[in-house]
Amino acid sequence: MGSICFHNATVVTGYSLMENSCVYVKDGKIEDVFSERRFANKRFSPDVRIIDVGQAYVAPGLIDTHIHGFAGFGTEDKSAEAILEMSKELADYGVTAFNPTLYPSEPENMMQCIRAIVDAMGHEEGATIMGVHLEGPFISPEKPGALSPSAISPVNLELMDKLWAAANGNIVNMTVAPELKNMRELALYCIKKNIVLQAGHTNALYEHMLEGMQAGILHSTHLFNAMSQMHHRNPGAVGAILIHPEMSCEIIADGIHVHPDLIRLLVRDKPIDKIVLITDSLKPTEQHGGKLIANGEEVVFQGGCFHRKADGVIAGSSLSMIRGVKNLVSFGFPVETAVRFGSANPAEIMRYAKRGSIMPGYEGDIVIFDKQFNVLATVIKGSLKKSLF
């Protein structure tokens, strides 16, 4: 494994921004971060590759914790090969780690999808597969969104045990509806397994959300979408997430799923470390040519996202993480904040140690992009996976 020094860079550490700085990667880790002035006085061994990035941004690799598919490959394919192709394609877009996200479906089908993800882990040529995100099946039939209503299930601990066994312990996060009967028992089960619980696809009343928070449901899935809205007599799921600073939330920053002004409103009260940029992207995202299929249904790309061809209902996002960062900056956020939403924050909430920041000792996962947010290079575990240098 070689060593690389990126210099003449604008370094986005994950928390702040450093002009005229350098990042040195050695043995797969961030070795050091230092100024251009110090770089001029350093002497590197001949095996260190020196790359002048021309004042481009050098940032932590992006971490997508909610993604169904990409570039024509998806979790619904029930194929380790499809997951590995997602991994390769995502690296070209600056993603260095991701949680392949499952739709709820018939139990045996879900277990096949889970096994495909687990079989792919450790064989990646691109973004690292961190583990499974289960979006259901224990969600509200009243808030299915684009998910199949027939696949939604009451809380079933026996089924949860089977899903956990199929994942060989690799379920990272799970979307649930806090108001469901026996949810507390499920939450306690998941806490023991270190699964991050997210409130989503929920019709919860405010009191249900408070009960869920007390049971450890402290993250939330695509805030404002597929959840009970805020009402002045009952704040619902949205209100609970906005009111309580300990609740973190996902945001789809495509400008369609959530109005940009609502994201600006969100950060007035929500702590900056509690907001996570996700794509929730579908299989045909960045697919070029061919019929567009997502979760077994034909979709069309219209107005910046995918719609079901059958009825025109929004089927999901076509966002990439780097475009989400670009959009957040266009909404008025500093670039270091936008990057934090897609790197340091998901790493912290998902409990990914030594990831999500440009800091000595951290994983050598880096994205380099220019001022127009074109990805110039992606580094994963210290190895260049994409480079235009």
Side-chain angles (χ1 to χ4, degrees), residues 1-63 91 93-97 127-128 267 271-273 275 277 321-322 324-326 328-330 332-348 352-389:
M1 187 176 292
S3 300
I4 311 171
C5 182
F6 300 102
H7 82 103
N8 190 24
T10 303
V11 178
V12 185
T13 67
Y15 300 98
S16 60
L17 189 143
M18 299 169 60
E19 302 278 1
N20 301 312
S21 293
C22 313
V23 177
Y24 180 29
V25 182
K26 181 181 179 182
D27 297 330
K29 306 289 185 183
I30 306 292
E31 178 73 9
D32 201 0
V33 184
F34 45 86
S35 68
E36 194 68 19
R37 178 181 54 79
R38 286 182 58 204
F39 169 81
N41 296 321
K42 281 184 174 287
R43 296 294 177 265
F44 295 94
S45 63
D47 65 328
V48 178
R49 183 176 177 186
I50 308 295
I51 298 178
D52 184 336
V53 303
Q55 286 295 302
Y57 293 111
V58 175
L62 300 171
I63 302 171
Y93 290 78
V95 174
T96 58
T128 303
V267 299
I272 208 77
D273 62 341
I275 301 170
L277 171 66
M321 286 292 283
I322 191 66
V325 171
K326 179 180 181 179
L328 286 166
V329 172
S330 76
F333 292 92
V335 66
E336 59 268 31
T337 300
V339 167
R340 179 174 183 167
F341 288 172
S343 57
N345 287 359
E348 183 174 342
Y352 295 153
K354 303 292 184 179
R355 288 182 185 271
S357 299
I358 302 287
M359 193 178 297
Y362 273 55
E363 201 72 56
D365 289 353
I366 293 170
V367 58
I368 302 173
F369 55 93
D370 63 19
K371 298 303 192 285
Q372 289 73 47
F373 299 89
N374 300 304
V375 174
L376 305 177
T378 305
V379 182
I380 299 176
K381 298 179 181 178
S383 296
L384 273 169
K385 299 298 181 180
K386 170 187 176 164
S387 178
L388 299 182
F389 294 108

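Note that the numbering runs from 1 along the sequence shown for the chain.
Taking every heavy atom of both residues into account, Gly361 and Lys354 meet most closely at O-CD, 3.9 Å. Of all non-hydrogen atoms in Phe6 and Val58, the two that sit nearest each other are CB-CG2, 4.4 Å. Minimum heavy-atom separation, Pro346 to Tyr352: O-CD1, 4.4 Å. Taking every heavy atom of both residues into account, Ala344 and Ser357 meet most closely at CB-OG, 4.0 Å. Of all heavy-atom pairs spanning Leu376 and Ala56, the tightest one is CD1-CB, 3.9 Å. The shortest non-hydrogen separation linking His7 to Cys22 is CB-SG, 3.4 Å.
Proximity of a side-chain donor or acceptor of Asp365 to a complementary backbone N or O of Lys381 within less than 3.5 Å is detected. Although no hydrogens or angles enter the test, the distance criterion places no donor-acceptor pair under 3.5 Å between the side chain of Thr337 and the main chain of Val335. With Asn345 contributing its side chain and Ile272 its backbone, the two residues share a donor-acceptor pair below 3.5 Å. In this structure, Glu36 contributes its side chain and Asn8 its backbone to a donor-acceptor pair below 3.5 Å. In this structure, Ser387 contributes its side chain and Ala377 its backbone to no donor-acceptor pair below 3.5 Å.
Ile30 contributes atom CD1, which lies 11.0 Å from atom OH of Tyr362 (distance to the nearest 0.5 angstrom). Here the CZ-CD1 distance, from Phe373 to Ile322, works out to 7.0 Å after rounding to the nearest 0.5 Å. With rounding to the nearest 0.5 angstrom, the CZ atom of Phe333 is 6.5 Å from the CD1 atom of Ile275. Note that NZ of Lys29 and OG of Ser3 are 13.5 Å apart. Values are rounded to the nearest 0.5 Å. If you take OG on Ser343 and CD on Glu348, they are separated by 11.0 Å, rounding to the nearest 0.5 Å.
The shortest distance between side-chain heavy atoms of Arg340 and Asp273 falls below 4.5 Å. In this structure, the side chains of Leu384 and Thr378 stay at 4.5 Å or more apart for every pair of heavy atoms. Using a 4.5 Å heavy-atom threshold, the side chains of Val23 and Glu31 count as separate. In this structure the side chain of Glu336 never reaches within 4.5 angstrom of the side chain of Tyr15, judged on heavy atoms. Between Leu277 and Met321, some side-chain heavy-atom pair lies under the 4.5 Å cut-off.
The local environment of NZ in Lys326 is sparse, with at most 12 non-hydrogen atoms from other residues, nucleotides or ligands closer than 6.0 Å.
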Can you check side chain to side chain contact (heavy atoms under 4.5 Å, CB included) on Val11 and Leu17, steps first, answer last? CA-CA 6 Å; Val11 178; Leu17 189 143; over 6 Å; no
Could you walk me through whether Leu62 and Phe369 pass the side chain to side chain contact (heavy atoms under 4.5 Å, CB included) check? CA-CA 12 Å; Leu62 300 171; Phe369 55 93; over 6 Å; no
For a side chain to side chain contact (heavy atoms under 4.5 Å, CB included) check, start with the C-alpha distance between Arg38 and Asp32, then their side-chain angles and the critical distance, and finish with the verdict. CA-CA 11 Å; Arg38 286 182 58 204; Asp32 201 0; 3.7 Å; yes
Applying side chain to side chain contact (heavy atoms under 4.5 Å, CB included), run through Ile358 and Val12 and close with a yes or a no. CA-CA 7 Å; Ile358 302 287; Val12 185; over 6 Å; no
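Partner Thr128 forms a side chain to side chain contact (heavy atoms under 4.5 Å, CB included) with one of Ile63, Ile380, Thr96 and no other, that one being Ile380.
Checked against a 6.0 Å centroid threshold, the rings of Phe44 and Tyr24 count as neighbours.
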